[in-house]
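Each remark here refers to the structure printed beneath this line.
Just follow the structure's listing: the first ligand is 1, and inside any ligand the first atom is 1.
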Amino acid sequence: MTKTLTIRRPDDWHLHLRDGEMLRAVLPQTCTHFARAIIMPNLVPPVVSMADAAAYRDRIVDALPTGADFTPLMTLYLTEDTDPEDVASAHAAGLIHAVKLYPAGATTNSASGVSNFDNVAQVLEKMAEIGLPLCTHGEVTDADVDIFDREAVFIDRVLDPIRRNHPALLVVMEHITTSNAVDYVNANPENLAATITTHHLVINRNHILAGGIKPHYYCLPVAKREEHRLALRAAATSGDARFFLGTDSAPHTDENKLLPCGCAGCFTATNTMSILAEVFEQEDALDNLEAFASLNGPRFYGLPINETTLTLVRETPDYPGHIDTPDGPVTVFDPAMPLNWSVK
Ligand code: DOR
Ligand code: ZN
């Protein structure tokens, strides 16, 4: 049995760091294992301009522990008022690596997102021209669409039309949760990729709802049926270059998770690499963990692979059940299975 596994240092292609005290509390959880992360812009107020992104990047760098080797890869939050020239300037300056599309109302702090997709056509055209990826939160928000169908409907009604209107646009389908999304990526080899979270490889909707409601497993897009989880596991562990890790690690205090209307998000920054090693070992695909966590993302984003490495050893990991923050504890994702791999 394999006892150690050394891979190029991984990156997280979808991460929520928040701001202020929360940023300082959660950043060390990511920067000890990951070299880079695509930083989500859904702050309050959101990161909508080049100036916002530069200021946020500086606050992240300022919050890094001494000696940390971590590069935040900034994104802009797409609104119907986004200026294509501001996006192009931020990209040309090397500041931003993607623009994030939230359908208005789809998730945490998405109120400033897009309602009328025609109103962002010029920005998307500019992004296609300059090779700047669009990261999509792929759910429609229509009240008459069942929450478990919102990703599949988004692909048909929103994503596919956008890609047909802008065939050169690079698109990352973020945190995919369905076999429909896996199939769509597989059927569209040009300019398309998808991130998969740690938690969606582990939980299905029973984990959230059977035997009592588990708020810490509630995230968006919500976990679906088992057949979808299995499709995600097959895609993630396949080694296919179009699928890569985006944890969507999203810190909320326990207080906010446990409200009558609790927040969406799973906090996986702390134990993601242990969980992934477990999942890949279960799928007899440890050899493909490096592709998923360390190689496929930089290839899609046109960035170099990390020179440094990360070593996993076959030992029970020791990690806290929650992270203390000045706002209150943040519960670390419970994988609901024994873990056998630790980061050395
Ligand atoms: O579960 C989620 N949490 N999904 C998202 O899309 C946003 C995120 C957050 O910001 O908390
Ligand atoms: Zn997210």
Electrostatic pair Glu21-Arg24, nearest N-O below 4.0 angstrom: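 Salt bridge absent between Glu21 and Arg24.
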Under 4.0 Å between a side-chain nitrogen and a carboxylate oxygen: does that hold for Glu85 and Lys126?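 Salt bridge: yes.
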Rounded distance (nearest 0.5 Å) linking atom [atom1] of [X] with atom [atom2] of [Y]:
| X | Y | atom1 | atom2 | result |
| --- | --- | --- | --- | --- |
| Leu23 | His16 | CG | NE2 | 14.0 Å |
| Glu278 | Met337 | CD | CE | 5.5 Å |
| Ile7 | Leu289 | CD1 | CG | 4.5 Å |

For the pair Phe292 and Phe280, name the ring-plane relationship: parallel under 30°, tilted 30 to 60°, perpendicular over 60°.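 Tilted, since the angle between the ring planes falls between 30° and 60°.
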What is the ring orientation for Tyr301 with Phe244, classed by angle as parallel under 30°, tilted 30 to 60°, or perpendicular over 60°?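 If you compare the ring of Tyr301 with that of Phe244, the planes turn out perpendicular.
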Of the backbone and side-chain N, O or S atoms of [X], does one lie nearer to the Zn ion (ligand 2) than 2.8 Å?
| X | result |
| --- | --- |
| Asp248 | yes |
| His137 | no |
| His175 | no |

Considering only heavy atoms, which protein residues lie less than 4.0 Å from any atom of ligand 1?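 Ligand 1 is contacted, at a heavy-atom distance under 4.0 Å, by His16, Arg18, Asn42, Thr107, Thr108, His137, Cys219, Leu220, Asp248, Ala250, His252, Ala264, Gly265.
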